[in-house]
Q: 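The structure follows.
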Amino acid sequence: MTSESSSPPPERIRIYQLFPRLFGNVNETRRCNGTMAENGVGKFADINDSALSALRAMGFTHLWLTGILRQATSTSYLEIGLPADDPDLLKGLAGSPYAVTDYFDVCPDYALDPTQRMAEFLTLLQRIHDHGLRVLIDFVANHVARSYHSRVRPESNFGTLDDRSKFFDPRNNFFYLRPDSPGGGPPLRLPTVIDGRITSPTCRVLGGCDGLFDGERTHGKVTGNNAVTWAPGMWDWYETIKLNYGYDFTTGAREYPTAEQPDKPVPDTWLKMDAVLAYWQKLGIDGFRCDMAHMVPPEFWAWAVKRARARQPQVFFVGEAYDNDPMKVGHGNVLHDLLSAGFDAVYDDPTYKQLKGIYDGPKWANDLDAVTSDPILFTRSLRYAENHDELRLAAASQWGGIGMQVGPPVSAILYGLSRGPVLLYNGQEVGEPARSVEGFGADDGRTTIFDYWSMPELVKWVNGHRYDGAHLSPGQKELRAQYTRLLTLVNEPALRCGDCFTLNAANIDNPRFGRLPGESASGHWLYAFLRSDAASGQRVLVVVNLHRDQAARDLAVWLPADALRFLQIVPGTHWRLTDRLATISRPDIKTSVSSADGLLLEIGACTPLTACYLEWQSDPTQEPFS
């Protein structure tokens, strides 16, 4: 049993990740490496009342507006003083949304009138709030674009007072390469051109690349992914620079206030990044998805989150963080460190990988129990089946090649396990397969974040910005309806604020628990757990069959005595189980508990790629036991 003792939120947090560049773009004549004029781009205005009404009706509470900050791009806005960036610094013609060039500005691509881009964004923000939704934006704390220069707040630019003679100084905003650093420099040499050969797909299109950047011909800065080299590689984050928070990642030295050394001065980078958070909070942003949060010292996060909450007590922080990343700051569990620093939630990479491993091999559904062993992370993890970094569920080469039908059962496990927030990525709800080479984004099962593009399946739902799904297939309409039912159901008490009891361990030796021919144990493709809320009395049994084509026939789930105690079910009482997720009406399951030893619950059958959310209800039509 996993207990979740924190106070429940008024609503289960359900986040829709919306990338404006793609979301509202209805262009269906895209070409690889197309310009914005050729391929189109989504606008703030495209996220209209119809879109917001549809997303709120689907059950979402928050929109994560991905990549709204001004970033490096090939698109020139000379008329407003924003020329195109050096093509050597670009990944894709649109540019990476995580190569931010001004923390205090928004991307002019998304404005109908680029001179009014902030006004248009604020109008969107008000429109979202009017629909009862809250807004998260990216806070990219670890790194900035090499071409970073704020025109909105030039006084907050980085590195203007740095001592470039030092690799590390807590007063510096950056880390500076030494003459003896690997790669041999100066100048900094980018991997876009190697030995005279153009290696960047973006440079091949744009031309004008020489592998050099004017800003770092006489000095060099450490690349965003901690690459201490004058010659970062193609897989490095070569378009970005690592920010210095007073932590020397090469030695572990900490030159900032800590419990052991509270009198150390607060580094300048801390103050500048706090000003970024304050700026967006003042404009009405409700929270932040913090990019690669584990690469920034947790002491900074504790300091910054405290200050942010002093300005706005309900501000929401979710951290993209991976404890298995060697670039993490610290030697303990960095996810715990971030939650202790004040984050509301951290990424749930472990459960995602366990689930995907069932289809990729060699994982079993039983292995999911491992993610329930840490009650803190179990409760406060953001669960997702897709996001912009991960592979599309419907991609032909991923998730067993099943297609969009794998999404609902996978999500039924992820969303149902705990009280934590849940995420759905735009396009997931209509089975977006990412079936193309977009430009810098390869044919890799992901929807590009680097190129001007659109999502061809989502376009069918957008339908000229009517957002009515008129062009979706019947299967896509049903897929979207399944996600809607699931997102609505997980806001009910047992799933919003109840505790969890997993059942696979008790059913390994139960041959009727989805065991397939040739298997000596159960729990390969079937996963089951209970959710129960004592305050409301709501109890739910979740049973999910992840197999692509094998039904779990003659299915029976063993509920041991401690499971019955968890449910607070008294022996001798009658119950009826109603499937709350069923797309086709199925008869209720009737049962009675006549023994304190446990209960073998007869389910009947669970078809392939199906999730059952069976709610327990007392059955007054039955005579009580004598």
Side-chain angles (χ1 to χ4, degrees), residues 16-48 50-52 63-80 82-85 87 89-102 105-125 127-128 135 137-138 145 201-202 205-206 239 388 425-427 430 432 434 436-441 446-467:
Y16 187 78
Q17 183 184 358
L18 189 158
F19 191 9
R21 182 189 294 168
L22 303 175
F23 179 79
N25 186 12
V26 296
N27 187 311
E28 296 193 72
T29 58
R30 304 164 301 276
R31 72 173 188 86
C32 182
N33 283 311
T35 65
M36 186 175 77
E38 292 168 324
N39 282 6
V41 69
K43 302 290 184 180
F44 291 138
D46 295 337
I47 310 168
N48 59 25
S50 296
L52 296 171
L63 298 187
W64 163 18
L65 299 179
T66 301
I68 65 153
L69 301 182
R70 183 161 68 81
Q71 83 282 323
T73 179
S74 71
T75 301
S76 174
Y77 291 93
L78 274 175
E79 67 277 14
I80 56 173
L82 298 174
D85 284 85
L89 299 181
L90 296 177
K91 291 181 176 177
L93 271 64
S96 168
Y98 296 99
V100 175
T101 53
D102 192 344
D105 201 357
V106 295
C107 177
D109 286 353
Y110 305 152
L112 298 173
D113 178 354
T115 67
Q116 299 298 312
R117 60 193 179 280
M118 184 58 76
E120 290 187 33
F121 173 72
L122 293 178
T123 298
L124 168 62
L125 184 60
R127 190 158 63 242
I128 295 170
V135 177
I137 65 169
D138 292 293
T202 304
V205 175
L206 295 174
E239 77 280 25
H388 67 278
Y425 182 40
N426 55 194
V430 293
E432 192 65 47
S436 55
V437 178
E438 306 101 337
F440 193 88
R446 298 177 178 87
T447 297
T448 181
I449 63 169
F450 304 110
D451 306 286
Y452 291 114
W453 206 251
S454 63
M455 293 180 281
E457 300 308 314
L458 192 70
V459 166
K460 298 174 183 178
W461 174 68
V462 174
N463 187 26
H465 305 122
R466 299 176 187 85
Y467 300 94

Q: Can you tell me which residue among Asn33, Asp109, Asn39 is in a side-chain hydrogen bond (donor to acceptor under 3.5 Å, both in side chains) with Tyr452?
A: Asp109
Q: List the atom of Ala72, the atom of Leu90, and the distance in Å for their closest heavy-atom pair.
A: C-CD2, 3.6 Å
Q: Run the salt bridge (charged side-chain N to carboxylate O under 4.0 Å, His left out) test against Glu239 and tell me which residues pass, sequence neighbours left out.
A: Lys91
Q: Tell me whether Glu438 contacts the main-chain N or O of Thr448 through its side chain, where contact means a donor paired with an acceptor under 3.5 Å.
A: yes
Q: Roughly how far, to the nearest 0.5 Å, is the CD atom of Glu120 from the CG atom of Asp113?
A: 6.5 Å
Q: How many angstroms lie between atom CE of Met118 and atom CG of Leu125, to the nearest 0.5 angstrom?
A: 10.0 Å
Q: Is a side-chain N or O of Asp451 found less than 3.5 angstrom from the main chain of Phe440, in a donor-acceptor match?
A: yes
Q: Under the 3.5 angstrom rule, does the side chain of Ser454 hit a backbone N or O of Leu22 as a donor-acceptor pair?
A: no
Q: Would a distance-only check, ignoring hydrogens and angles, find a side-chain to backbone donor-acceptor pair under 3.5 Å from Asp138 to Gly67?
A: yes
Q: Can Lys460 and Glu457 be counted as an ion pair, charged N to O under 4.0 angstrom?
A: yes
Q: Mark yes or no for whether Asn27, through its side chain, and Val41, through its backbone, hold a donor-acceptor pair below 3.5 Å.
A: no
Q: So Ser74 and Thr202, do their side chains get closer than 4.5 Å, heavy atoms only?
A: no
Q: Quick check: do Leu63 and Leu52 have side-chain heavy atoms less than 4.5 Å from each other?
A: yes
Q: Does any N or O in the side chain of Gln17 come within less than 3.5 Å of the main-chain N or O of Thr66, such that one atom is a donor and the other an acceptor?
A: no
Q: Supply the atom-to-atom distance Leu65 CG to Tyr16 OH, rounded to the nearest 0.5 angstrom.
A: 11.5 Å
Q: Who passes side chain to side chain donor-acceptor pair (under 3.5 Å) against Lys43, sequence neighbours left out?
A: none
Q: Between the side chains of Thr447 and Tyr425, does any donor sit under 3.5 Å from an acceptor?
A: no
Q: Please report the interatomic distance CD1(Ile68) to CG(Leu18), rounded to the nearest 0.5 Å.
A: 11.0 Å
Q: Using a 4.5 Å cut-off on heavy atoms from C-beta on, say whether the side chain of Tyr467 contacts that of Asp46.
A: yes
Q: Measure across Arg21 and Gly95 and return the closest heavy-atom pair with its distance rounded to 0.1 Å.
A: NH2-O, 2.9 Å
Q: To the closest 0.5 Å, what do you measure between OG1 (Thr123) and CD1 (Ile128)?
A: 11.0 Å
Q: Main chain of Cys107, side chain of Arg117: is a donor-acceptor contact present, judged purely on distance under 3.5 Å?
A: no
Q: Minimum heavy-atom separation for Pro114 and Ile80, please, with both atom names.
A: CB-CD1, 3.9 Å
Q: Mark yes or no for whether Asp102, through its side chain, and Arg70, through its backbone, hold a donor-acceptor pair below 3.5 Å.
A: no
Q: Which heavy atom of Glu432 sits nearest a heavy atom of Pro456, and at what distance?
A: OE2-CD, 3.0 Å
Q: Do you know the tightest heavy-atom contact between Ser50 and Arg466?
A: CB-O, 3.6 Å
Q: Taking His388 as the fixed residue, which of Tyr98, Phe23, Phe19 is the one that meets the ring-ring contact (aromatic ring centres under 6.0 Å, His included) rule?
A: Tyr98
Q: Taking atom CG of Leu93 and atom CH2 of Trp453, what is their separation to the nearest 0.5 Å?
A: 12.0 Å
